[in-house]
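Please read the structure below before turning to the comments.
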2 protein chains.
Amino acid sequence: MRASPLKAEAPTTEAPSPRQQAVLDAALALMVDGGEPLTMDAVARRASCSKETLYKWFGDRDGLLTATVRWQASRVHAGRYEVSDLDAVALRENLLDFAESWLAVICSRTSVALNRIAIAETGSRKSNLGGIVLANGRFAIGERVKPVLEAGRMAGLLAFDDSEAAFRTFFGLVGRDIQIRLLLGDALDLDAAGIRSDAARAVEQFLALYRQAKP
Amino acid sequence: MRASPLKAEAPTTEAPSPRQQAVLDAALALMVDGGEPLTMDAVARRASCSKETLYKWFGDRDGLLTATVRWQASRVHAGRYEVSDLDAVALRENLLDFAESWLAVICSRTSVALNRIAIAETGSRKSNLGGIVLANGRFAIGERVKPVLEAGRMAGLLAFDDSEAAFRTFFGLVGRDIQIRLLLGDALDLDAAGIRSDAARAVEQFLALYRQAKP
DNA sequence: TAAAGACAGTACCGTACGGTACGGTACGCC
DNA sequence: GGCGTACCGTACCGTACGGTACTGTCTTTA
């Protein structure tokens with residue numbers, strides 16, 4: 001019943017040059033405002049580079065997609081969470097912060113576009129885009145949040161056996177049906193205020209479920 | 001912040017003939033064991049019919065996909081829920097039943113394949129497959145579960161203001177990260193026992209959050 | 001039995017797209 | 001200056017696939 005987290009991702013090939021980053025940004029821009037299908041031609045045109053260069057740098061279409069996903073992922077992992085000396089207020093703060101930024105991510109056009117492409121590619125069973133997106137999305141945040149939960153437990157604020165299970169519940173409370181609806185094209189527009197209140201609700205519900213009973 | 005449930009789906013075109021059903025089943029089988037891409041040729045070959053017939057019956061590729069999704073949906077809506085005279089036991093029973101069958105659906109190869117195709121198609125912005133999948137999946141179950149929740153409230157068992165919001169929380173507690181992980185190709189195999197225990201956990205958590213405080 | 005459909009099978013058409021080849025230009029380096 | 005390298009732009013190739021047309025066969029109806 002536990003996960004098999006796919007193949008561990010290759011240890012991050014070296015960073016793209018500035019020019020390559022510009023190309024990847026063009027690819028990203030293309031998939032985000034999606035009017036046009038993501039063809040090699042379209043990327044080359046948008047990035048003002050030749051297709052030949054694209055193939056030289058990234059090998060093939062899949063390589064370009066992979067590099068694009070990695071490039072986007074490399075910009076997201078920003079916030080770090082402080083887990084020492086956790087009191088009830090700091091715990092709530094941390095969880096709230098996480099929930100809010102996670103909601104902002106999954107609601108972003110970039111995330112929706114990226115996930116759509118990765119899912120489509122996964123369906124046609126070539127490339128490991130899905131694995132990469134999972135590793136940098138769902139699993140990455142899991143690894144960042146679980147220490148917070150464990151610190152909360154250490155501080156006697158939370159009670160649970162399995163931090164992975166606790167995190168998955170939190171994940172469900174935060175995301176609910178939002179991601180699948182967006183992926184399927186529902187218009188559901190969550191503005192910043194909506195995200196904040198949604199995050200707050202999720203955190204309160206999570207705390208209600210996992211708060212350590214007063215001794 | 002609320003949803004815009006896409007365009008209401010056309011009032012279900014007339015039921016397909018047995019032969020047409022066989023064709024749709026072939027399409028379904030093709031997308032489920034996915035070794036092959038879902039081309040018109042492949043469907044025709046698998047269904048032992050001519051492409052011309054396919055186009056005559058379904059108009060174009062999109063029509064075929066749409067009919068396939070509708071056909072699958074028409075077989076899923078089975079269980080009906082009894083909402084009169086709801087006591088605590090019956091409420092838990094109902095919720096458990098729903099959670100279990102919903103988990104079984106989203107874990108099925110059919111659902112994963114169908115959602116992948118709908119999401120891919122939504123990405124390339126033609127067809128309303130995503131809307132149809134949403135209408136028959138997420139929204140359909142919402143409409144079936146909310147009466148149960150409301151009956152629970154009427155019976156003084158549950159407390160909430162907005163049944164839609166309550167349902168979305170339930171949805172999140174049941175599904176958590178399962179659907180997105182499957183769509184992205186994670187192997188996560190949930191057997192019947194795993195589904196049962198997962199469903200039970202979700203129901204207990206939901207009741208813990210929404211149970212009416214004893215007066 | 002003749003005429004009319006419905007349909008399988010297959011050949012075919014047009015186009016989109018992944019991938020390659022090649023000419024042309026700018027910039028280093030000897 | 002000559003030469004190599006890196007790159008853009010574009011033309012090109014092969015193939016896959018959506019969609020159409022045609023032929024032959026079987027079934028139905030009169």
Side-chain angles (χ1 to χ4, degrees), chain A residues 13-31 33-69 113 116-118 120-129, chain B residues 13-31 33-69 113 116-118 120-129:
Chain A
T13 49
E14 76 255 44
S17 75
R19 178 69 178 118
Q20 290 173 336
Q21 294 178 11
V23 170
L24 297 178
D25 279 330
L28 228 26
L30 204 58
M31 47 204 275
D33 62 37
E36 208 175 348
L38 191 80
T39 66
M40 298 300 276
D41 258 306
V43 173
R45 219 174 318 119
R46 182 119 178 187
S48 290
C49 73
S50 72
K51 282 212 292 177
E52 195 166 22
T53 303
L54 249 35
Y55 283 101
K56 185 168 166 195
W57 284 347
F58 305 106
D60 56 7
R61 187 184 129 97
D62 191 59
L64 173 63
L65 258 37
T66 302
T68 305
V69 171
R116 281 212 187 111
I117 290 188
E121 221 68 18
T122 301
S124 43
R125 182 151 13 290
K126 44 190 177 200
S127 85
N128 190 18
L129 265 197
Chain B
T13 49
E14 76 257 44
S17 75
R19 178 69 177 119
Q20 290 172 336
Q21 294 177 13
V23 170
L24 298 178
D25 279 330
L28 228 26
L30 204 57
M31 46 204 272
D33 61 40
E36 211 175 348
L38 192 81
T39 68
M40 299 300 275
D41 259 306
V43 173
R45 220 174 316 121
R46 181 121 178 185
S48 290
C49 74
S50 73
K51 280 212 291 178
E52 195 166 24
T53 303
L54 249 35
Y55 284 100
K56 185 170 170 194
W57 284 347
F58 305 105
D60 56 7
R61 185 185 131 98
D62 192 58
L64 173 63
L65 258 36
T66 301
T68 305
V69 171
R116 281 212 187 111
I117 290 186
E121 221 68 16
T122 301
S124 43
R125 186 149 11 288
K126 41 187 181 206
S127 86
N128 190 19
L129 264 197

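Lettering of chains follows the sequences in order, A, B, ..., and the numbering in each one begins at 1.
- To the nearest 0.5 angstrom, T39(A) atom OG1 is 7.5 Å from K51(A) atom NZ.
- Taking atom CD of Q20(A) as the reference point, atom P of dA6(D) lies 12 Å away to the nearest angstrom.
- For the atom pair CG of L38(B) and OG of S124(A), the computed distance is 11.5 Å after rounding to the nearest 0.5 Å.
- Heavy atoms only, all atoms of each residue included: T68(A) and L64(A) are closest at OG1-O, 2.7 Å.
- Residue Y55(B) holds its OH atom at 4.0 Å from CE of M40(B), rounded to the nearest 0.5 Å.
- Contact between A47(B) and A26(B) at its shortest, heavy atoms only, is CB-CB, 3.7 Å.
- With contacts defined as side-chain heavy-atom distances shorter than 4.5 Å, the pair W57(B)/L24(B) does not qualify.
- Sequence order on DNA chain C of the closest nucleotides to R19(B) and T39(A) puts R19(B) first from the 5' end.
- Reading DNA chain C from its 5' end, the first and the last nucleotide to sit under 4.0 Å from a heavy atom of chain B are dA6(C) to dG9(C).
- In the region residues 40-52 of chain A, proximity to DNA chain D at under 4.0 angstrom, judged on heavy atoms, holds for S48(A), C49(A), S50(A), E52(A).
- Atom CG of residue L30(A) and atom CG of residue D25(A) lie 12.0 Å apart, to the nearest 0.5 angstrom.
- In this structure, R116(A) contributes its side chain and M31(A) its backbone to no donor-acceptor pair below 3.5 Å.
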